[in-house]
Amino acid sequence: EDQVTQSPEALRLQEGESSSLNCSYTVSGLRGLFWYRQDPGKGPEFLFTLYSAGEEKEKERLKATLTKKESFLHITAPKPEDSATYLCAVQDGSEKLVFGKGTKLTVNP
Amino acid sequence: ETGVTQTPRHLVMGMTNKKSLKCEQHLGHNAMYWYKQSAKKPLELMFVYSLEERVENNSVPSRFSPECPNSSHLFLHLHTLQPEDSALYLCASSSQGGKETQYFGPGTRLLVL
């Protein structure tokens with residue numbers, strides 16, 4: 001059975017303080033690993049898809065990386081507007097996405 | 001309208017009521033999904049429709065009944081719900097029969113009294 005574990009559950013940073021979020025996974029035949037951002041009361045917003053170990057993608061202050069067992073979402077010099085819950089999900093060969101519980105990020109000014 | 005839209009955004013219903021949630025996607029996708037999001041839990045996949053056929057029913061109680069009349073519209077019919085069904089219900093869509101990135105709507109916040 002596919003499983004996704006995200007850590008930490010919550011993270012508080014000061015503005016400008018870089019850090020990383022972790023997503024550990026087990027899946028039978030990874031087709032894709034997805035990162036989403038979710039603001040309170042809203043639906044998840046797509047950020048990145050990673051398909052194979054060694055792949056990296058960047059968008060503004062965010063950079064996602066992938067190994068055979070985990071993915072990291074690196075946040076460089078975060079701003080208060082980066083505060084959100086970040087969700088990781090994996091997909092095998094089916095239509096199903098299996099999500100982790102998310103990391104709630106708070107960036108203080 | 002762009003992306004994935006859901007109506008209503010908020011819904012309060014009694015346990016004996018019947019209501020429906022509506023989802024519409026404007027992305028030209030051919031797969032649609034219903035998810036349930038409860039506090040402190042991961043998103044739970046409920047139903048998947050690919051090319052208008054149900055391909056996944058994730059052991060969801062029969063008080064939830066999905067309907068996909070075409071590739072752009074998805075409904076979730078609700079009847080005799082329980083208080084523990086209170087949650088955020090999210091709709092998503094994707095292309096290529098469900099094997100590409102899923103894009104989510106804003107969700108319907110449901111409260112069952």
Side-chain angles (χ1 to χ4, degrees), chain A residues 1-10 21-52 55 57 59 62 64 66 71 84-104, chain B residues 2-10 21 23-25 27 29-51 53-59 68 87-111:
Chain A
E1 186 178 328
D2 300 345
Q3 284 193 317
V4 176
T5 303
Q6 292 188 246
S7 62
E9 287 187 18
L21 313 182
N22 178 263
C23 171
S24 298
Y25 65 90
T26 54
V27 62
S28 53
L30 179 71
R31 190 174 191 285
L33 184 141
F34 302 83
W35 282 100
Y36 289 87
R37 168 195 171 127
Q38 187 174 25
D39 293 301
K42 296 188 176 181
E45 175 189 344
F46 170 70
L47 292 174
F48 304 108
T49 308
L50 301 168
Y51 294 102
S52 58
E55 189 175 1
K57 288 194 176 173
K59 178 181 178 180
L62 301 176
L66 181 65
S71 177
T85 295
Y86 290 85
L87 303 174
C88 173
V90 296
Q91 186 177 39
D92 54 23
S94 73
E95 298 87 358
K96 292 179 67 171
L97 280 184
V98 176
F99 280 85
K101 292 184 178 181
T103 293
K104 184 178 180 180
Chain B
T2 59
V4 181
T5 58
Q6 291 185 243
T7 55
R9 293 295 311 279
H10 301 273
L21 310 185
C23 175
E24 184 173 359
Q25 61 94 3
L27 299 169
H29 290 163
N30 56 19
M32 298 187 78
Y33 313 76
W34 281 116
Y35 286 87
K36 176 183 179 182
Q37 189 174 35
S38 306
K40 305 292 185 184
K41 286 187 174 182
L43 269 75
E44 301 172 58
L45 179 65
M46 300 175 72
F47 301 103
V48 180
Y49 278 83
S50 179
L51 300 172
E53 288 196 16
R54 191 191 308 182
V55 296
E56 184 78 33
N57 178 352
N58 220 22
S59 303
C68 187
L88 182 68
Y89 288 85
L90 292 160
C91 173
S93 71
S94 71
S95 63
Q96 302 234 357
K99 302 202 177 188
E100 294 297 328
T101 300
Q102 294 180 24
Y103 293 88
F104 286 82
T108 295
R109 173 67 64 185
L110 174 66
L111 178 62

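Values below: all heavy atoms of this structure, side chains included; hydrogens, waters and symmetry mates excluded. So that the names make sense, note that chain A is the first sequence line, chain B the second, and so on, each numbered from 1.
Contact of B:Glu44 with chain A is not made at all, since no heavy-atom distance falls under 4.5 Å. Only the side chain of A:Tyr51 comes within contact range of chain B, judged by heavy atoms closer than 4.5 Å. Only the side chain of A:Gln38 comes within less than 4.5 Å of a heavy atom in chain B; its backbone stays farther off. The part of B:Leu88 that comes within reach of chain A is its side chain, from C-beta onward, which places non-hydrogen atoms under 4.5 angstrom from that chain.
At a threshold of 4.5 Å between non-hydrogen side-chain atoms, the residues B:Leu90 and A:Pro44 count as touching.
The nearest pair of heavy atoms linking B:Arg9 to A:Gly41 is NH2-O, 3.5 Å. Looking at every heavy atom in both residues, B:Lys41 comes nearest to A:Lys101 through C-CG, 4.5 Å. Looking at every heavy atom in both residues, B:Pro42 comes nearest to A:Gly100 through CB-O, 3.7 Å.
Applying the 6.0 Å contact sphere to NZ of A:Lys57 captures more than 12 heavy atoms from other residues, nucleotides or ligands.
For the residue pair A:Gln91 and B:Gln102, no side-chain donor N or O sits within less than 3.5 Å of a side-chain acceptor on the partner.
For the atom pair CD (B:Gln37) and OG1 (A:Thr85), the distance works out to 8.5 Å, reported to the nearest 0.5 Å. Considering CZ of B:Phe104 and CG of A:Leu97, their distance stands at 6.5 Å, rounded to 0.5 Å.
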